[in-house]
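To keep things clear, I will list the structure first and then write my remarks on it.
Indexing begins at 1, ligand by ligand and atom by atom, following the structure's order. Only heavy atoms go into these numbers, but all of them, side chains included; no hydrogens, no water, no symmetry mates.
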Amino acid sequence: MDEANYVQSIVESIVHRMRDQKVKGDVADYIPELAHINPNQFGLSICLANGCQLSFGDSDVPFSIQSISKVFTLAIALGRFGDAIWQRVGREPSSHVYNSGQELEEKNGHPPNPFVNAGAIVTTDALLVSGTPKETLAEILHFARLAVSDNEIYINSAVAKSEIATGHQNWALAHMLRAKGNLCNDCELVLGTYFHHCAIEMTCEQLALFGRCLARIDTKAIHLSETHTQNLLALMMTCGHYQGSGEFAFQVGIPAKSGVGGGILACVPGRASIAVWSPGLNQHGNSLLGTAALRELSRALNWSAFSSSRPK
Ligand code: GLU
């Protein structure tokens with residue numbers, strides 16, 4: 001059996017089992033526009049190194065990528081500023097919740113990593129140094145569209161507006177960053193841009209195509225250096241699931257980034273990129289069934305980064 005057929009048969013049964021699960025987690029209702037998403041949806045798409053793409057379930061339904069957009073903004077910031085970005089944000093996992101202000105207070109406005117909200121707000125601020133919010137959002141969208149070779153990627157402005165109106169914790173973080181001297185632009189400009197890039201909608205099929213550049217199975221569409229790609233994957237492994245990052249590495253062992261929209265982008269270097277979406281979340285804000293599916297898939301296919309017997 002060739003690899004695509006083998007993967008297809010394994011993943012088909014995983015998706016089947018996931019769709020039958022009764023407990024699906026809770027949708028992120030703190031963002032009003034996301035509160036009425038149907039939790040029964042489940043999509044998964046995989047791109048393999050041989051060029052095959054396999055898709056299952058609701059893999060063609062656009063969903064709010066939320067924090068997965070932090071991978072895009074960090075990739076752009078690394079390309080533009082290189083290591084200088086690390087003067088403004090750290091590279092360590094955090095034991096606090098993703099929108100915590102406690103650490104900012106303790107570390108004098110230096111966020112622990114670019115994937116917690118404060119770190120992503122700083123990265124967004126860095127990108128705004130050379131452009132307006134509109135230009136910066138256009139650049140982020142262009143980056144995603146180029147990587148996927150698909151212009152049908154948009155921002156859901158109703159989602160962004162609902163976060164602008166209700167995301168008080170993020171406002172608090174932005175003001176604290178500004179007070180501590182780690183935000184160059186006005187909070188309104190930075191958070192307006194941040195909330196809008198979180199509100200990008202993509203399908204699992206599009207997200208898996210994007211992941212090919214991080215897994216380095218197709219590096220033609222956008223330029224990301226080998227070093228920056230390794231940097232991004234290291235951070236996805238150590239910080240990609242907030243306080244659940246250690247458990248995700250333990251259970252799944254694949255560098256991955258989650259978002260509260262219920263999506264997860266996982267990249268197996270040199271082998272595959274996987275996007276999974278199920279809107280119900282676990283206690284850390286990561287997709288419950290998406291995580292379960294990736295755990296089963298990683299074990300069945302031996303795709304953990306820590307496996308010594310990965311098939312070639
Ligand atoms: N826009 C969301 C927030 O700032 C992103 C959180 C996430 O996806 O983890 O709260």
Side-chain angles (χ1 to χ4, degrees), residues 25-35 37 62-74 89 93-104 111-125 127 133 136-137 140 144 155-177 183 187-202 204 207 235-236 238-245 247-248 256-266 275-288 290-291:
D26 303 313
V27 300
D29 54 4
Y30 78 96
I31 301 175
E33 279 292 317
L34 297 186
I37 302 284
F63 63 90
S64 196
I65 67 166
Q66 291 296 322
S67 276
I68 302 171
S69 68
K70 296 171 183 174
V71 177
F72 302 177
T73 49
L74 182 61
V89 58
S94 167
S95 57
H96 294 268
V97 291
Y98 64 95
N99 58 6
S100 165
Q102 198 177 325
E103 249 167 345
L104 275 191
N113 68 66
F115 293 156
V116 293
N117 286 7
I121 292 169
V122 165
T123 311
T124 304
D125 180 61
L127 295 183
T136 304
L137 287 167
I140 297 167
I155 292 171
N156 182 329
S157 56
V159 173
K161 283 190 184 118
S162 82
E163 262 211 286
I164 289 173
T166 60
H168 303 296
Q169 182 66 23
N170 287 320
W171 286 104
L173 293 177
H175 282 285
M176 197 186 304
L177 287 164
L183 215 60
C187 297
E188 284 70 20
L189 291 190
V190 182
L191 278 192
T193 312
Y194 168 80
F195 287 136
H196 277 84
H197 71 65
C198 285
I200 292 173
E201 293 190 338
M202 289 172 77
C204 285
L207 213 47
L235 287 161
M236 287 163 75
T238 53
C239 314
H241 283 72
Y242 306 119
Q243 289 166 299
S245 299
E247 186 64 15
F248 190 89
K257 181 74 199 89
S258 71
V260 293
I264 304 177
L265 172 62
V276 60
W277 172 56
S278 172
L281 308 178
N282 64 19
Q283 77 275 25
H284 297 307
N286 304 310
S287 173
L288 182 77
T291 304

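With a heavy-atom cut-off of 4.0 Å, N117 touches ligand 1 through its side chain alone. Only side-chain heavy atoms of C198 come within less than 4.0 Å of ligand 1; its backbone N, CA, C and O stay farther off. In N170, the part holding a heavy atom less than 4.0 Å from any atom of ligand 1 is the side chain. At a heavy-atom cutoff of 4.0 Å, ligand 1 is contacted by the side chain of E163 but not by its backbone.
Within the 4.5 Å cutoff, no side-chain heavy atoms of L191 are placed close to those of I164.
Inspection of the S67 and Y242 side chains reveals an N or O donor paired with an N or O acceptor under 3.5 Å. Checked by atom type, the side-chain pair N117/N170 shows a donor-acceptor distance below 3.5 Å. Donor-acceptor pairing under 3.5 Å is lacking for the side chains of S100 and Q102.
When Y194, Y30, F195 are checked for heavy-atom proximity to atom 4 (O) of ligand 1, Y194 turns out nearest.
Among protein heavy atoms, the minimum distance from atom 1 (N) of ligand 1 is reached at Q66 OE1, 2.5 Å. The protein atom (non-hydrogen) at minimum distance from atom 9 (O) of ligand 1 is Y242 OH, 2.5 Å.
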Could you go step by step and tell me if H197 and T136 meet the side chain to side chain contact (heavy atoms under 4.5 Å, CB included) rule? CA-CA 9 Å; H197 71 65; T136 304; over 6 Å; no
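The closest approach between a heavy atom of N99 and any atom of ligand 1 is not below 4.0 Å.
Residue G261 has no nitrogen or oxygen atom sitting less than 3.5 Å from a nitrogen or oxygen atom of ligand 1, judged on distance alone. For ligand 1, none of its N or O atoms has an N or O atom of Y98 under 3.5 Å away.
With ligand atoms numbered from 1 in the order given, ligand 1 contributes 8 (O) to contacts under 4.0 Å with heavy atoms of G259. With ligand atoms numbered from 1 in the order given, ligand 1 contributes 5 (C), 6 (C), 7 (C), 8 (O), 9 (O) to contacts under 4.0 Å with heavy atoms of S67.
Ring pair F248/H241 is parallel by interplanar angle, where below 30° counts as parallel and above 60° as perpendicular.
We find the NZ-CG distance between K257 and L207 to be 11.5 Å, quoted to the nearest 0.5 Å. Summarising the geometry, atom NE2 belonging to H196 is positioned 12.5 Å from atom OG1 belonging to T124; distances are rounded to the nearest 0.5 Å.
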